[in-house]
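No experiment lies behind these values; they were computed from the predicted model shown.
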Amino acid sequence: QVQLVESGGGLVQAGGSLRLSCVASGRTLSTYVMAWFRQTPGKEREFVTTINESGDSTYYSASVKGRFTISRDNAKNTVYLQMNSLKPDDTAVYYCAAARRSYLTTARGDFGSWGQGTQVTVSS
């Protein structure tokens, strides 16, 4: 399995931006569909966005579409999440995930590898 480590979280004011990174090791990232999920206390982990192996196809949840951008650099084994126009409702622990699939997927169960998460806090 691939090992994933997220970074880039922190505290930001509403309207601000953050860029999360997810670095993979153990396997080459280019064979995985990648995604970002997020979770707040007492709630289920929810899908945020996903990107295919080559990076030319993406899908976003309605709550972040137009504000967040997922991208990947397979040469660096890294996936990014650029988050703009942040809102207090975006406050959560953000997780990077990898799936051995040949299609985009939003189902948590399809992702076999997860990072430890990085906290994003948006103040009002």
Side-chain angles (χ1 to χ4, degrees):
Q1 281 192 344
V2 64
Q3 287 77 49
L4 305 172
V5 177
E6 303 97 333
S7 63
L11 174 64
V12 64
Q13 288 188 332
S17 298
L18 279 176
R19 188 196 197 201
L20 306 183
S21 298
C22 171
V23 179
S25 61
R27 297 280 180 96
T28 177
L29 206 57
S30 61
T31 60
Y32 290 86
V33 168
M34 300 298 297
W36 289 92
F37 288 76
R38 65 188 182 185
Q39 189 170 23
T40 54
K43 293 188 178 180
E44 289 192 353
R45 194 168 296 185
E46 68 167 350
F47 166 79
V48 176
T49 179
T50 185
I51 188 168
N52 69 343
E53 299 96 314
S54 61
D56 60 4
S57 182
T58 58
Y59 182 77
Y60 297 88
S61 68
S63 61
V64 307
K65 191 173 184 179
R67 300 187 297 122
F68 290 11
T69 303
I70 188 172
S71 61
R72 65 192 299 161
D73 185 339
N74 288 337
K76 295 183 178 180
N77 253 17
T78 303
V79 176
Y80 304 97
L81 181 63
Q82 178 66 44
M83 304 186 294
N84 298 329
S85 302
L86 282 161
K87 305 174 182 179
D89 284 350
D90 295 318
T91 296
V93 177
Y94 283 72
Y95 296 90
C96 175
R100 294 298 295 268
R101 294 288 186 275
S102 59
Y103 50 85
L104 286 181
T105 177
T106 65
R108 280 202 317 269
D110 284 345
F111 292 87
S113 299
W114 294 83
Q116 83 291 348
T118 185
Q119 176 71 47
V120 171
T121 303
V122 184
S123 63
S124 57

**side-chain contact (heavy atoms from CB on, under 4.5 Å) between Gln3 and Val5, intermediate numbers included** = CA-CA 7 Å; Gln3 287 77 49; Val5 177; 5.9 Å; no
**Prompt:** Can you check whether Glu53 reaches Ser30 side chain to side chain, under 4.5 Å on heavy atoms?
**Reply:** no
**Side chain to side chain, Ile70 and Tyr60, heavy atoms closer than 4.5 Å** = yes
**Asked** Below 4.5 Å, heavy atoms only, C-beta onward: do Met34 and Leu4 meet side chain to side chain?
**Response** yes
**Asked** Just wondering, more than 12 heavy atoms not from Arg27 lying within 6.0 Å of its CZ?
**Response** no
**Prompt:** For residues 53-124, which residue pairs qualify under disulfide bond (SG atoms under 2.5 Å apart), counting only residues two or more places apart or in two chains?
**Reply:** Cys22-Cys96
**Fill in**
dist Arg45:CZ -> Trp114:CH2 (nearest 0.5 Å) comes out at 5.0 Å
**Message:** Ring-plane angle category for Phe68 and Tyr94, please: parallel below 30°, perpendicular beyond 60°, tilted otherwise.
**Reply:** tilted
**Item:** Heavy-atom side-chain proximity of Arg72 to Thr78 below 4.5 angstrom
**Value:** no
**Item:** Closest contact, heavy atoms only, Met83 versus Val120
**Value:** CE-CG2, 3.8 Å
**Positive for side-chain contact (heavy atoms from CB on, under 4.5 Å) with Leu104, one of Thr49, Val33, Thr58** = Val33
**Member of Phe37, Tyr32, Tyr95, Trp36 meeting the ring-ring contact (aromatic ring centres under 6.0 Å, His included) criterion with Phe111** = Phe37
**Request:** Spell out, yes or no, whether Val93 and Leu18 are grouped together once hydrophobic residues are joined by side-chain heavy atoms under 4.5 Å, including indirect joins.
**Result:** no
**Request:** Run the numbers on Lys76 and Ser21 for side-chain contact (heavy atoms from CB on, under 4.5 Å), then give the verdict.
**Result:** CA-CA 11 Å; Lys76 295 183 178 180; Ser21 298; over 6 Å; no
**Request:** Could you tell me which non-hydrogen atom of Ala24 sits nearest to which non-hydrogen atom of Val2, and how far apart they are?
**Result:** CB-CG2, 3.6 Å
**Request:** Working to the nearest 0.5 Å, report the span between CZ of Arg101 and CG of Asn52.
**Result:** 15.0 Å
**Prompt:** Do you know which two heavy atoms are closest between Thr105 and Ala99, and how far apart they sit?
**Reply:** CG2-CB, 4.4 Å
**Asked** Please walk me through it: do Val64 and Arg38 pass side-chain contact (heavy atoms from CB on, under 4.5 Å)?
**Response** CA-CA 12 Å; Val64 307; Arg38 65 188 182 185; 3.9 Å; yes
